[in-house]
**Student:** 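Quick one: the structure is below, and I'll ask about it shortly.
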Amino acid sequence: MWGIELQRQSEVPLKRQIYQVLRDQILNGRLHAGEALPSTRELANELKVSRNTVNEAYEMLIVEGFVLSRQGAPTRVAEGLYLEKKPEVGSPAQEKPTLPFLADFRTGQPDLRQFPRHVWQQISQKTMQEMPPSLLGYTGPEGLPRLREEISGWLFRSKGLSVDAKKIFITAGATHALHLIADLLYKEGKEILVEDPCNAGMLGTLANKGYPITPIPVDAWGLQPEYLYGKRACAVYVTPSHQFPLGGILPAGRRAQLIRYARENESYIVEDDYDSEFRYYGDPVAPLYAMDPERVIYVGTFSKVMFPALRIGYVILPDKLHKRWRRLRTYTDVQNPPFEQAAMAEFLHTRKFDRHIGRMRKLYGARRQVLLTTLKEQFKDTWQSWGDAAGLHLAVEFPGMSFDDAFVEASRRHKIRITPVEYHCIRKGEHVNKLLFGYGHLEPDEIYKGILLLRNFMKDTDAPMTE
């Protein structure tokens with residue numbers, strides 16, 4: 001009776017089950033406005049539950065206005081609650097299950113199998129036990145002071161960069177930092193200049209903020225600053241230590257030109273240093289920030305070097321932007337959770353972070369060499385690599401080839417995931433003969449098998465690849 005079938009083994013209390021069924025019947029019109037519900041005693045007997053259970057279900061309906069109750073009168077359905085069912089336009093297509101790739105060269109993926117989870121767990125437990133109660137409250141938009149101090153120390157050890165910890169602000173990763181920076185620098189009628197090609201995700205972040213975006217061409221050495229002049233920009237977004245996706249290091253002369261442009265136009269340079277820790281020959285490249293701390297906003301992240309789910313990054317801000325940053329952060333999400341910040345600070349303090357980076361640098365460097373050797377073996381002299389020996393991916397040019405959407409679709413049907421450089425281009429047609437090979441997350445045998453599979457696919461497929 002009344003269409004109520006109770007699931008007595010469910011974790012949902014019986015009173016809520018009764019409430020939900022009656023509510024839904026009211027909304028879909030099975031119970032009409034003014035219609036009387038059974039007495040609590042009658043419904044309790046019918047459902048074989050206590051009368052108190054039905055009373056509590058009715059009380060929920062009364063409090064939320066679905067029914068009206070008067071002493072001495074039946075409980076009746078309130079007016080105006082029927083919601084007409086929308087006509088179905090057509091059943092949505094059922095999603096096909098995603099099959100695993102046999103070759104997966106996606107970019108920006110660290111090898112999460114290598115992360116020292118046991119060490120991180122010990123540190124997390126230790127910092128949680130030692131955390132004072134005050135850190136469980138609001139700790140401010142800047143981030144935990146200890147983490148800012150430890151990041152300052154790490155930057156000095158690893159890059160020779162001397163930064164006051166008070167200039168470092170913690171974020172929930174690089175993308176979050178860019179969201180805040182875009183709001184921070186916005187000026188009516190002014191554009192943002194970005195490298196072309198550049199990271200499509202970061203480009204989307206800026207575009208979603210409503211900025212006019214102007215692409216600046218990139219060559220093998222990075223952004224070409226001669227294309228900056230004559231443009232009214234509030235900011236220039238660059239990846240000078242390892243240009244994404246082509247891999248070049250911005251030379252000192254171009255860096256100086258970029259700084260001069262920012263000074264002359266009272267604009268800022270947003271330096272995204274997304275993976276410079278992994279450089280396989282020589283020391284890490286010095287940040288552009290060192291040349292002008294009042295014109296460069298430095299963005300760093302631990303996602304590539306730790307694990308992406310950590311969601312801890314940081315920015316180094318010029319002094320005049322500190323006050324506005326605090327206000328923006330306070331009225332967006334206030335702060336990062338303190339637990340991961342405290343654990344990250346301890347990971348840095350104990351130098352376990354340094355050792356992890358050193359170990360992963362050797363591992364990724366060896367995998368990069370496997371990739372280069374296998375490309376040489378399978379493709380002979382029909383390719384050339386772009387960029388510096390750094391990062392977790394390699395840009396490879398295949399002269400005479402053209403990698404379009406049809407190529408990508410055909411490769412996925414063959415269970416190969418690989419991204420053309422064109423995907424990250426604003427102006428299309430400049431880099432159609434280049435592919436990106438992410439290798440950080442792949443074991444050597446996975447790299448070898450993946451290249452072999454790609455070579456056979458490119459040899460046998462009918463996808464249009466020849467210019």
Side-chain angles (χ1 to χ4, degrees), residues 89-113 196-204 207 244-247 304 308-309 364 367-368 370-387 391-467:
V89 180
S91 299
Q94 192 171 15
E95 290 188 11
K96 297 179 180 178
T98 303
L99 297 176
F101 290 100
L102 298 178
D104 188 354
F105 293 109
R106 57 184 159 161
T107 60
Q109 297 295 313
D111 190 343
L112 303 181
R113 296 166 295 192
D196 186 20
C198 73
N199 183 287
M202 293 301 183
L203 181 64
F244 186 92
L246 296 180
K304 299 292 189 300
Y364 293 145
R367 292 179 181 182
R368 180 181 185 275
V370 169
L371 175 62
L372 290 168
T373 300
T374 309
L375 284 168
K376 178 70 173 176
E377 177 186 303
Q378 296 298 323
F379 290 95
K380 309 303 179 189
D381 296 323
T382 63
W383 64 282
Q384 61 187 59
S385 64
W386 276 58
L392 300 177
H393 77 272
L394 186 68
V396 176
E397 179 180 356
F398 294 87
M401 306 295 278
S402 180
F403 303 106
D404 55 13
D405 291 342
F407 168 84
V408 173
E409 291 173 11
S411 66
R412 284 180 172 258
R413 286 196 298 271
H414 285 75
K415 300 182 181 179
I416 301 170
R417 172 153 57 182
I418 192 163
T419 305
V421 170
E422 277 288 287
Y423 172 76
H424 295 284
C425 291
I426 302 172
R427 298 166 306 156
K428 303 299 182 182
E430 297 290 326
H431 300 280
V432 294
N433 61 358
K434 300 179 186 69
L435 292 174
L436 296 176
F437 290 82
Y439 57 82
H441 59 297
L442 300 175
E443 296 284 359
D445 65 312
E446 293 174 315
I447 295 171
Y448 180 83
K449 291 174 182 176
I451 294 297
L452 189 61
L453 190 64
L454 178 67
R455 174 58 184 150
N456 291 336
F457 162 70
M458 291 173 65
K459 186 189 298 183
D460 299 336
T461 187
D462 292 328
M465 292 182 290
T466 304
E467 290 182 334

**Student:** If you measure from OG1 on Thr374 to CG on Leu452, what distance do you get to the nearest 0.5 Å?
**Tutor:** 9.5 Å

**Student:** Do Thr107 and Thr419 make a side-chain contact, defined as non-hydrogen atoms from C-beta onward lying under 4.5 Å apart?
**Tutor:** no

**Student:** Near Asn456 CG, under 6.0 Å, is it more than 12 heavy atoms from other residues, nucleotides or ligands?
**Tutor:** yes

**Student:** Indicate yes or no: at least one non-hydrogen side-chain atom of Ile418 is less than 4.5 angstrom from one of Leu436.
**Tutor:** no

**Student:** Mind checking what makes ring-ring contact (aromatic ring centres under 6.0 Å, His included) contact with Phe379, not counting sequence neighbours?
**Tutor:** Phe398

**Student:** Which distance, rounded to the nearest 0.5 Å, do you find between the CD of Glu409 and the NE2 of His414?
**Tutor:** 13.0 Å

**Student:** For a quick test of reading the model, state the closest non-hydrogen atom pair linking Tyr364 to Gly440 and the distance between them.
**Tutor:** CE2-O, 3.1 Å

**Student:** Where do Gly450 and Ala103 come nearest, in terms of heavy atoms and distance?
**Tutor:** CA-CB, 3.6 Å

**Student:** Measuring only between side-chain heavy atoms, which start at C-beta, is Ile416 closer than 4.5 Å to Leu453?
**Tutor:** yes

**Student:** Just by modelled atom types, is the Glu377 backbone N or O under 3.5 Å from a matching donor or acceptor in the Lys380 side chain?
**Tutor:** yes

**Student:** Once ring-ring contact (aromatic ring centres under 6.0 Å, His included) is applied, do any residues pair with Tyr439, and if so which ones, sequence neighbours excluded?
**Tutor:** none

**Student:** Sequence neighbours left out, what pairs pass salt bridge (charged side-chain N to carboxylate O under 4.0 Å, His left out) with at least one residue falling in residues 421-441?
**Tutor:** Asp196-Arg427

**Student:** Any side-chain heavy atom of Ser402 within less than 4.5 Å of one from Asn433?
**Tutor:** no

**Student:** Would you name the heavy atoms of Thr382 and Pro399 that are closest together and state the gap between them?
**Tutor:** O-CD, 3.5 Å

**Student:** Taking side chain as C-beta onward, heavy atoms only, is Phe403 less than 4.5 Å from Met458?
**Tutor:** yes

**Student:** Any side-chain heavy atom of Phe105 sitting closer than 4.5 Å to one from Leu435?
**Tutor:** no

**Student:** Answer yes or no: is there an ion pair linking Arg113 with Glu446, defined by an N-O contact shorter than 4.0 Å?
**Tutor:** yes

**Student:** Hey, are the side chains of Asp111 and Leu442 touching, using non-hydrogen atoms and a 4.5 Å cut-off?
**Tutor:** no

**Student:** My understanding is that only residues two or more places apart in sequence, or in another chain, count here; which of them pass ring-ring contact (aromatic ring centres under 6.0 Å, His included) with His431?
**Tutor:** none

**Student:** Carefully, step by step, assess Phe457 and Ser411 under the rule side chain to side chain contact (heavy atoms under 4.5 Å, CB included).
**Tutor:** CA-CA 7 Å; Phe457 162 70; Ser411 66; 3.7 Å; yes

**Student:** Dump the intermediate steps for side chain to side chain contact (heavy atoms under 4.5 Å, CB included) on Leu392 and Gln109, then the final yes or no.
**Tutor:** CA-CA 7 Å; Leu392 300 177; Gln109 297 295 313; over 6 Å; no

**Student:** Taking all non-hydrogen atoms of both residues into account, name the closest pair between Pro444 and Val370 and its distance.
**Tutor:** O-CG1, 3.9 Å

**Student:** Would you find a donor on one side and an acceptor on the other, under 3.5 Å apart, between the side chain of His393 and the backbone of Pro245?
**Tutor:** yes

**Student:** Atom NZ of Lys415 and atom CZ of Phe101: how far apart are they, to the nearest 0.5 Å?
**Tutor:** 10.5 Å

**Student:** Using 0.5 Å steps for rounding, measure from the CG atom of Leu246 to the OG atom of Ser385.
**Tutor:** 11.5 Å

**Student:** Measure from the side-chain N and O atoms of His424 to the backbone N and O of Pro197, and report whether any donor-acceptor pair falls under 3.5 Å.
**Tutor:** no

**Student:** Which pair of non-hydrogen atoms, one from Ile447 and one from Leu371, has the smallest distance, and what is that distance?
**Tutor:** CG2-CA, 3.8 Å

**Student:** Going by the rule ring-ring contact (aromatic ring centres under 6.0 Å, His included), which residues pair with Tyr448 if we only count those two or more places apart in sequence or in a different chain?
**Tutor:** none

**Student:** Taking only residues two or more places apart in sequence or in another chain, which ones pass side chain to side chain donor-acceptor pair (under 3.5 Å) with Trp386?
**Tutor:** Glu397

**Student:** If you take all heavy atoms of Leu454 and Phe407, which pair is closest and at what distance?
**Tutor:** CD1-CZ, 4.4 Å

**Student:** Report yes if the side chains of Leu375 and Trp383 come closer than 4.5 Å at any heavy-atom pair, otherwise no.
**Tutor:** yes

**Student:** Are Lys376 and Asp381 ion-paired here, with the side-chain N under 4.0 Å from a carboxylate O?
**Tutor:** yes

